[in-house]
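Read the structure below first, then the notes.
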Amino acid sequence: MAPTGFIRKYVFSLDHKVIGLQYYGLAVVAVFIGMVLSWLMRIHLVWPNSPIPGLHLLSKNGAPGDVMTPEYYLSLLTMHGTLMVFFVLTNAPFAAFGNYFLPIQIGAEDMAFPRFNMMSFWTTFAAFCVLIAAFFIPDGPPISGWTAYATLSAVGGDAGPGMAYGQTLWGISIAIFCIASLLGSLNFIATTLDLRTKGMSLMRMPICTWAWFITSCIALLAFAVLLPACILLCLDRVAGTSFFIPSGLVFNDHVIPHGGGSALLWQHLFWFFGHPEVYIAILPAMGIVSHILINSMRRPLLSHRVVIGSMISIGFLSYVVWGHHMFVSGMNPLSSLVFSFPTLIITIPATVLTLIWLGSLYGSRLRINSASLFALGFISMFVSGGVSGFFLAQPSIDIYLHATYFVVGHFHLVMGVAAIFGVFAGTYFWFPKMTGHMMNETLGKIHFWGTFIGAYCIFMPFHYLGMVGNVRRYSSFVDDFLQPYLPLHKFITFAALTTGAFQILFLLNLLYSRFKGPKAPVNPWECTSLEWTVPSPPPFDNFGGVHPVVYHDPYQYGIEGSTGDYVMQSSPETIAVERDEK
Amino acid sequence: MGKLFAVVLVLIAIGSAIPIVMHWYPMAQDISTHGHLIDDQMGETMAEAGIAFLAAQFVLAFFVFRYSDRKDPGKIRTFPGGARTMVVAAVLLVGSEVLALGIFGQRAWAGQYFTPPGADAMTIQTQAGQFAFYFRYPGADGKLGQQHPDKIDEGNQNFFGLDPANDVESRDDVVTAELGIPANREIRLLMHSKDVGHSFYVRELRVQQDFVPGLDLMVHFTATKPGRYEIVCTQLCGLGHYNMKAYLNVMTQEDFDAWMKQKTSEQ
Ligand code: HEM
Ligand SMILES: [Cu+2]
Ligand SMILES: [Cu+2]
């Protein structure tokens, strides 16, 4: 029975579609806050002493007279990274689209545990509120970066501004976030395994369903490690334990009363989560992009199996490479070598995927629209960000590049831009289904060009700055050594502000099209998977109580002798060859 | 629009590659005996990554150019060879490439981390703390005195927590805020942190190593070229992180001896 009251329908909804939209909305809010923070950082970097009007409203201490202090830069850095990684990259490609479309794509009426699902979202929302609260406490947000390395993060207020309640709030927020993600990923796994409709074998699931499924398995293990780590961190801070604090540390000439812990332990626990997290962001984007590309190319990818196999091996390998973040951390130098090999090996499935995308473009009938442009942009960004991984995967080179802007360029291209491109592609593609209205294509294309060119202008130069030796997490680099690169930094700031402006265009397009966009047909892109068989937007129980039956592989495009060039997955029409090319 | 995409993509790819091909990416000069290994490795990786980057972007651009918005949507063709060939090719090509990189890259790493410093290396200790580095030389007896965290007293310039009253070995230790070293002499740098994580990074030396609270770590290197170089902390360590710097002063042996003498007399 569909609920009728406002609260049940839109706020505490059990409907996976509403929950998906709620996740999406939260991610949009987070990404805009995160983006504004990055602007403030970029402005401070190139004009360190000029006031930013109104900044004192955000923080009196952090910006006296509207001029940002160096430590407030670190606060913004921490909040930017945390918001982006947790509330944008985990929420948008995975939780938002996954919630909305995974059940429909497998022919289910809802998630396996709708109540859990509602709890996951509202728990995530609570985590978000706790994090944002850090802006408004006197001490300000923490300054230890999104990685919150111990001992800085573990010793408490001795460590500087923001490191008292601000850091505790950070720890609590992330712990809550972990609980939400655990609930969410369990739900995804149970749903995929249990609720597939008749005929929907595992190999007949669309690639994005597979990607969300693999991602849930990764998330389950990764957040299960981060959760206890955050709890231990909070205990160190408030209960006097010493999990991450060794003996004999001295702050302000006083030995602090902790002893026996290990600061490296935090790094191991954190990156055991942190590296898979990168794939939690990128795998769903890969799935979404594959789905969209197939549709735009009017042909299946060269091999469904190879794509799924590559994604599984990437997911698996992501667990054995966390040490590549710790090459110069003081762990046993032999482990650096050991961690370097699987890291380099990950490039193999990544290359396979890229080759499959490229090879599938060959001889296709590519349709260009906002969604496919972003999908193609994803491939380009993924390659650009991926090749710089070659450098960082080698401990010997990492000696020079670690903690420089090279790293910042690398991860922004792969998980920042590429993953976000996946989200944009998904938005343009599925918006008609989710809202019943078409998005404005012209605005969409302008948005694409601004973002594509802009993102390259921002993040490519970062690599050069890194090679020069410009270290990251510095609020000021304008010493004699880096002075010659100031113009480049200014260029990047200018590009960041411009690219950001194009995102406002996207937001306007979302709002405008939601209310004024032309009515969307059921299947505007002539797509074959199950979500395109239901009305736009789909009713409460998706299929009107009738379970669909699936007869084919998900991507029956380029079919000859059929009425169109495609056959719906649920159409009983017989097709000469079941296509899953070898 | 697909054609426009292709053209823009090619321009971006070429634009990104020009500075590299023209060697406009000035890595900091190398003043160490081991740095050329790292730089060679960087060069090789640059070549391989560069080729992969350009190839992928060009192929993407070409296919989009050729196959987008076809007027006559001809028959769909599959890539010759198909998926299996691609998987095999990727495994062989990328596999051997990364294997080669991995194996050659170990030389620099092994030289830094698996080879102990020579017997005549000069021992210096460095301590990182919010937000400064301090360096300690063992003095005439060649021995570093014991440290006592509870005796650290910055007001009295006792940065290392030494106890000269009871500890003979610490009496002649020399403590400085600048890392003075002789050129062409191997240095064995003992590292420890007083409070939180920090890092020791000298671009020109091609040395970067974190300080981890509670761990005693060591790096060794030989500098070849006299001059003053910046030492920066690269591990986010608190509000003064942006300002945590010191200088490495590489001197000729004579200059170093004079410098040491002056520092000793200042103690
Ligand atoms: C609007 C475009 C963006 C700009 C201009 C931007 C800029 C920056 C800057 C200047 C830093 C600080 C670099 C440093 O000092 O180490 C940074 C850090 C970071 N950014 Fe972004 N960023 C953008 C988008 C994103 C996105 C989409 C993500 C999501 C992955 C992201 C994730 C991060 C992370 C994880 C950090 C590291 C934070 C830390 O060191 O703790 N950024 N960004
Ligand atoms: Cu990683
Ligand atoms: Cu430091």
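All heavy atoms count here, side chains included; hydrogens, waters and symmetry mates do not. Throughout, protein chains are lettered first and strands after them, A, B, ... in sequence-line order, and every chain is numbered starting at 1.
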Item to check | Part of Val212(B) lying under 4.5 Å from any heavy atom of chain A | outcome: side chain
Next on the checklist: Could you work out, with salt bridge (Lys or Arg N to Asp or Glu O under 4.0 Å) as the rule, every residue matching Asp40(B), not counting sequence neighbours?
Outcome noted: none
Checklist entry - Is chain A contacted by the side chain of Leu60(B), its backbone, both, or neither, given a heavy-atom distance below 4.5 Å? => result both
Next on the checklist: Between Phe390(A) and chain B, with a heavy-atom cut-off of 4.5 Å, which part of the residue counts as in contact: side chain, backbone, both or neither?
Outcome noted: both
Next on the checklist: Between Ile399(A) and chain B, with a heavy-atom cut-off of 4.5 Å, which part of the residue counts as in contact: side chain, backbone, both or neither?
Outcome noted: both
Checklist entry - So which part of Phe114(B) gets closer than 4.5 Å to some heavy atom of chain A, the side chain, the backbone, both or neither? => result side chain
Checklist entry - chain B heavy atoms under 4.5 Å from Val255(A): which part of the residue, side chain, backbone, both or neither? => result side chain
Next on the checklist: Is it true that His192(B) and Gln127(B) share a donor-acceptor pair across their side chains at a distance under 3.5 Å?
Outcome noted: yes
Checklist entry - By a 4.5 Å heavy-atom criterion (distance strictly below it), what part of Tyr456(A) contacts chain B: side chain, backbone, both, or neither? => result side chain
Checklist entry - Where does Ser75(A) contact chain B at under 4.5 Å (heavy atoms): side chain, backbone, both or neither? => result neither
Checklist outcome for this item: If one checks every heavy atom of Tyr485(A) against chain B at 4.5 Å, the contacting part turns out to be side chain
Checklist entry - Pick from Ser475(A), Pro246(A), Ser364(A): which one has the most heavy-atom pairs with chain B under 4.5 Å? => result Ser364(A)
Checklist outcome for this item: If one checks every heavy atom of Pro333(A) against chain B at 4.5 Å, the contacting part turns out to be both
Checklist entry - So do the side chains of Gln209(B) and Gln112(B) get within less than 4.5 Å of each other, counting heavy atoms only? => result no
Checklist entry - At a heavy-atom separation under 4.5 Å, does Val8(B) approach chain A through its side chain, its backbone, both, or neither? => result side chain
Checklist outcome for this item: Max heavy-atom pairs within cutoff under 4.5 Å with chain B, candidates Gly261(A), Ser360(A), Gly160(A), Gly248(A), goes to Gly248(A)
Checklist outcome for this item: When the 4.5 angstrom heavy-atom criterion is applied to Leu101(B) and chain A, the contacting part is both
Item to check | Part of Glu154(B) lying under 4.5 Å from any heavy atom of chain A | outcome: both
Checklist outcome for this item: When the 4.5 angstrom heavy-atom criterion is applied to Trp449(A) and chain B, the contacting part is side chain
Checklist entry - Non-hydrogen atoms of chain B under 4.5 Å away: do they reach the side chain of Met467(A), the backbone, both or neither? => result both
Next on the checklist: Quick one, Ile231(B) and Phe133(B) - any side-chain contact, counting heavy atoms below 4.5 Å?
Outcome noted: yes
Checklist entry - What residue among Glu230(B), Gln29(B), Gln208(B) forms side chain to side chain donor-acceptor pair (under 3.5 Å) with Arg203(B)? => result Glu230(B)
Item to check | Atom group of Asn369(A) that falls short of 4.5 Å from chain B, counting heavy atoms | outcome: neither
Item to check | Residue part contacting chain A, namely of Leu215(B), when any heavy atom lies under 4.5 Å | outcome: side chain
